[in-house]
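This report refers to the structure that appears directly beneath it.
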Amino acid sequence: MDLTERIERRRNHRYENRLVVDWDALNPAVHLSEPVGREFVFEAILDAADPIFDGQLPPNVYVWGPAGSGKSAIVTSLYSALQQTVSRGQRTFHTATRADSLLGGFHFVYVDTRRTASRFKLYQQLLNALVDDKVPERGIGTGELEDRLQAELASADGLLVGVDHVDMDETLDIAELREFLAPFPKVRWTAVGRTPPDDLDSHPPEVEIQVPSYNYEIVDILTTRGTSGLSKGLDHTQAKALAEWSDGNAHDALAALFGAASVAEADDAKTLRDEDLEAGKEAVPKGGVPIGRVLTLPENKQLVLRTLLDVSDSEQSIDTAADAIAAETDLSPGTVRRYIYELAQHDVLERREVAVETGTAGRRPSGAVPRFPTLVFERLHSGT
DNA sequence: GATCCACGGGAATACACGGATG
DNA sequence: CATCCGTGTATTCCCGTGGATC
């Protein structure tokens, strides 16, 4: 037996003994290419997109439903599939061979407005997806980008944009989306959000598709993910219990599973024990924000959150915490404090009354506690 | 020289409480 | 007793500046 063989053997051995074999499979921020149990929504979106097969522009579509119901999963997978299908034909398309490519003149781009909440960034992202060279992120005017995008679209039949997370804190709402895309008559969108169409403060999109909350499907989702993520898969009883706990929120269920796996692995456990699952659930606040939301925050805000988890002793005021964080980072105390308040306003943190020992004068201080899956956040951050 | 936007810092406003006032 | 006022904090709001890039 030679050395490489021995190494290989050892590697396999370790691999087999390892609890988690694929963290991405358990990661609620990573969507499967084929989401489980939402086929009818795919059909509805494709129905609406049907005109493109005749070279016509389709209507704008609004997909809406509660948190953790698979909306993002659907749109990301659908758009990446469309993008791939089409761009394959696209390269060879150009002039004569138009008939070869059914969707030849259409482009598809997915954008997350959590990262794209200004006119500039929207144009920048769209352009970046359409052209080969990198589009500058600064040093260039918004008008210039608009011109370039116009030029790029001149030769296309149309552009379909999947716009995720509209109408939330710090993201685009439908009215802004309309306004920003108004200069481009060939652009149509599929917007995704939680707000019911009746509550939108702009006239409703032509097509509305409602995504209901998950129910029994969560067990399937957990089992599917568990099978590829855990060396021994996920026990059915545990999957069922997690599903029930999650109340139809697939994100929360996965976040708890991910957290449980993280705890178990840190403890060198060979299987997921019930206590791990308890810890996993514990770290996922009910009605909190999804981990994806946190991971799209600007780098320094994430740094503040990560440091907060380290220095936090639950009973300290925001002021004290801010000072402690500022000492650990190269941000000023003032900025850290402002960040914490901003994060609290956007539900990433929660302000909570804190016991005050000193005099009674003045407004009472509050502390800040996380409203996002902390174990998931910590693990995803410790790697980078 | 122009661009966008994250930072920093400070001004404005909100809140808590005790004491004064009607 | 209800309301107002003053003082001390906490929180929110706003805008100028500068880094990085074109």
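Here is the naming used below: chain letters follow the sequence lines, and residue numbers restart at 1 for every chain. For clarity, every value in this text was computed on a predicted model and none was experimentally measured.
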Sugar-phosphate only, base, or nothing, as touched by A:Tyr341 at under 4.0 Å among non-hydrogen atoms: base

A:Lys134 side chain near C:dC22 phosphate (N/O to OP1/OP2, under 4.0 Å): no

Plane angle bin for A:Tyr123 and A:Phe184 - parallel if under 30°, tilted between 30 and 60°, otherwise perpendicular: perpendicular

Short side-chain N/O contact from A:Ser118 to OP1 or OP2 of B:dC4, under 4.0 Å: no

Touch class at under 4.0 angstrom, heavy-atom based, for A:Arg351 against every strand present: sugar-phosphate

Whole-Å distance separating the CD1 atom of A:Ile325 from the P atom of B:dG8: 14 Å

A:Thr335 (side chain) donor-acceptor with A:Leu331 (main chain) under 3.5 angstrom: no

Interatomic distance, A:Arg119 CZ vs B:dC4 P [rounded to whole Å]: 11 Å

Proximity to the side chain of A:Ser366 - top-ranked nucleotide from C:dT11, B:dT3, B:dC5: C:dT11

Spacing of A:Ile340 atom CD1 relative to C:dT11 atom C1', expressed in whole Å: 13 Å

Euclidean distance, atom CZ of residue A:Arg338 to atom P of B:dA12 [Å, nearest integer]: 18 Å

A:Thr142 side chain near B:dT3 phosphate (N/O to OP1/OP2, under 4.0 Å): no

NZ or CZ of A:Arg38 within 45° of A:Tyr214 ring axis and under 6.0 Å: yes

Side-chain heavy atoms of A:Leu308 within contact of A:Leu349, under 4.5 Å: yes

Touch class at under 4.0 angstrom, heavy-atom based, for A:Thr335 against every strand present: base

Closest to side chain of A:Pro136, choosing from C:dC22, C:dA20, B:dG9: C:dC22

Sugar-phosphate only, base, or nothing, as touched by A:Ser317 at under 4.0 Å among non-hydrogen atoms: nothing

Separation of atom CD in A:Glu144 from atom P in B:dA2, rounded to whole Å: 15 Å

Rounded distance (Å) that lies between atom P of C:dT12 and atom CD of A:Glu342: 10 Å

Side chain of A:Arg363 - closest among B:dC5, C:dC13, C:dT11: C:dT11

Interatomic distance where CD belongs to A:Glu137 and P belongs to C:dC22 [whole Å]: 9 Å

A:Glu206 atom CD: more than 12 heavy-atom contacts under 6.0 Å: yes

Sugar-phosphate, base or nothing in reach of A:Gln345, heavy atoms under 4.0 Å: sugar-phosphate

Distance in angstrom units between A:Glu146 CD and B:dT3 P, rounded: 15 Å

Sugar-phosphate, base or nothing in reach of A:Gly141, heavy atoms under 4.0 Å: sugar-phosphate

